[in-house]
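Naming convention: chains lettered A, B, ... in sequence-line order (proteins, then strands); numbering from 1 in each chain. As a basis for the values below, the full set of heavy atoms in this structure was taken, side chains included, without hydrogen atoms, waters or symmetry mates. Predicted, not measured: the structure shown is a model, and the values here were computed from it.
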There are 2 protein chains.
Amino acid sequence: MKRSLEQIEYREDTEALAKYAKALGHPTRIAILKHLVNQSCCFTGDLVDVFPLAQSTISQHLKELKNAGLIQGELKPPKIKYCINQENWKVAKSLFQNFFD
Amino acid sequence: MKRSLEQIEYREDTEALAKYAKALGHPTRIAILKHLVNQSCCFTGDLVDVFPLAQSTISQHLKELKNAGLIQGELKPPKIKYCINQENWKVAKSLFQNFFD
DNA sequence: AAAATCAATCGTATATTTGCGATAAGCAAT
DNA sequence: ATTGCTTATCGCAAATATACGATTGATTTT
């Protein structure tokens, strides 16, 4: 992509908010998170049953949510249990709260 | 893009939240909105001075924010005055509020 | 050690996003 | 009607996102 020569430096909280928002910017990921909030936790397999998407696609969405810090995976062999990352969840919550006044 | 055969139907509020989140998913757009919240309103030209981005790029970001419904433009010849769309702003605010509990 | 199970990653295809410069379009004043 | 100012759109290039099937990797059970 053609980019501005001087890479723009935004305030840290601006970047953070954009990062969280981007992660939330897809209905499937919103739905996954809602599911996690309700169930408190769940496994990838469960989600594959809930959504008409390939396992690899679900996994990819989970990865993005994990990268954004909104969820975390706990090894629960032979499965992996995904939960909301409460700490960052609070951070995101307050970022959005402050943003909207 | 290879898509699921059956286009997934999400709840309306899930789609709406994802739409707003997507619009917020770029630091420049966050910064623009913060600017608008502070200034209450402003013109495209002002933003071009504030951000080291081409006028066309700013215009594109404004377009996305407008499409998402977060801002609105008022003709103030020869300029266009952009403001927060208070109505949708409230909607977005409560969607994020509910989402984060 | 082998088999089974589950999730992650790879490779691919396509769509969308982001950025730019250049051009067009809208409107006011001349 | 022409000019000048402001913003939108077009056309392009490159990056990123979204989805899939196929494969790999990790771990437990047999």
Side-chain angles (χ1 to χ4, degrees), chain A residues 1-10 14-15 18-32 35-36 41-68 70-83, chain B residues 1-10 14-15 18-32 36 41-68 71-83:
Chain A
M1 198 186 326
K2 237 181 294 178
R3 292 203 143 280
S4 339
L5 296 183
E6 30 175 335
Q7 186 69 293
I8 308 178
E9 277 289 327
Y10 290 101
T14 296
E15 295 274 11
K19 183 192 71 178
Y20 287 124
K22 193 175 185 184
L24 297 178
H26 194 286
T28 296
R29 291 196 288 273
I30 295 286
I32 288 175
H35 192 76
L36 282 180
C41 281
C42 81
F43 305 100
T44 308
D46 302 351
L47 297 171
V48 175
D49 293 337
V50 173
F51 300 100
L53 293 168
Q55 180 263 323
S56 57
T57 304
I58 300 286
S59 186
Q60 230 173 179
H61 281 304
L62 288 172
K63 187 183 178 183
E64 279 188 65
L65 291 172
K66 201 167 54 182
N67 285 343
L70 287 169
I71 65 172
Q72 64 197 136
E74 187 191 342
L75 231 77
K76 212 81 177 179
K79 305 187 181 181
I80 294 175
K81 194 167 77 172
Y82 280 105
C83 305
Chain B
M1 197 186 327
K2 237 182 293 179
R3 293 205 143 279
S4 341
L5 297 183
E6 29 174 336
Q7 186 69 293
I8 307 178
E9 276 290 329
Y10 291 101
T14 296
E15 295 274 10
K19 183 191 69 178
Y20 287 125
K22 194 175 185 183
L24 297 178
H26 194 287
T28 297
R29 290 196 288 272
I30 296 285
I32 288 175
L36 281 181
C41 280
C42 79
F43 305 99
T44 307
D46 302 351
L47 296 171
V48 175
D49 293 336
V50 173
F51 300 100
L53 292 168
Q55 180 264 323
S56 57
T57 303
I58 299 284
S59 185
Q60 231 174 180
H61 282 304
L62 288 172
K63 187 184 178 183
E64 279 187 64
L65 290 171
K66 200 167 55 181
N67 285 344
I71 64 172
Q72 63 197 139
E74 188 191 342
L75 231 78
K76 213 83 177 178
K79 304 188 181 182
I80 294 174
K81 194 166 76 172
Y82 280 105
C83 305

Can you list the residues that meet the side chain to side chain contact (heavy atoms under 4.5 Å, CB included) rule with A/Q55, with sequence neighbours excluded?
A/V48, A/S59

Can you tabulate the close N/O pairs, meaning under 3.5 Å, that link protein atoms to atoms of nucleotides 11-13 of chain D?
none

Taking the side chain of B/I80 as its heavy atoms from C-beta onward, which of D/dT6, D/dA8, C/dA8 lies nearest to it?
D/dA8

Between A/V48 and B/I58, whichever has its closest DNA chain C nucleotide further toward 5' is A/V48

When only distance counts, do a donor and an acceptor, one from the side chain of B/Q55 and one from the base of D/dA8, lie under 3.5 Å apart?
yes

Phosphate-side-chain proximity, A/H61 and D/dA17, N/O vs OP1/OP2 below 4.0 Å
no

Base, sugar-phosphate or nothing for A/S56? Non-hydrogen atoms, less than 4.0 Å.
base

Mind checking A/L53 for me? I need base, sugar-phosphate or nothing, with any heavy atom below 4.0 Å counting as a touch.
sugar-phosphate

Scan nucleotides 25-30 of chain C nucleotide by nucleotide, 5' to 3', and note B when protein non-hydrogen atoms come under 4.0 Å of the base, S if they reach only the sugar-phosphate, - if neither.
--SS--

Distance test, side-chain N/O of A/T57 to OP1/OP2 of D/dC20, below 4.0 Å
yes

Using the side chain to side chain contact (heavy atoms under 4.5 Å, CB included) criterion, which residues pair with A/I80? Sequence neighbours excluded.
A/L75, A/Y82

N/O donor-acceptor pairs under 3.5 Å from side chains in residues 20-31 of chain A, not counting sequence neighbours:
| from | atom 1 | to | atom 2 | distance (Å) |
| --- | --- | --- | --- | --- |
| A/H26 | ND1 | A/T28 | N | 3.1 |
| A/T28 | OG1 | B/Y10 | OH | 2.3 |
| A/R29 | NE | A/A23 | O | 2.7 |
| A/R29 | NH1 | A/H61 | ND1 | 3.0 |
| A/R29 | NH1 | A/E64 | OE2 | 3.4 |

Begin from the C-alpha positions of A/C42 and A/L36 and carry the test side-chain contact (heavy atoms from CB on, under 4.5 Å) through to its verdict.
CA-CA 7 Å; A/C42 81; A/L36 282 180; 3.5 Å; yes

I need the NZ-P distance between A/K66 and C/dA7, as an integer number of Å.
12 Å

Identify which nucleotide among C/dT9, D/dC20, D/dA8 has an atom closest to any side-chain atom of A/K63, counting heavy atoms from C-beta outward.
C/dT9

Is there side-chain contact between B/I32 and B/V50, with at least one heavy-atom pair below 4.5 Å?
no

Could you tell me if the side chain of A/L62 sits less than 4.5 Å from the side chain of A/L47, heavy atoms only?
yes

Does the side chain of A/P52 reach to within under 4.5 Å of the side chain of B/I8, using non-hydrogen atoms?
yes

Going by heavy atoms closer than 4.0 Å, what residues in residues 21-28 of chain B are next to DNA chain C?
B/K22, B/H26

The side-chain hydrogen bond (donor to acceptor under 3.5 Å, both in side chains) partners of B/T44 (sequence neighbours excluded) come to none

Residues two or more places apart in sequence or in another chain: which of them pass side chain to side chain contact (heavy atoms under 4.5 Å, CB included) with A/N67?
A/K63

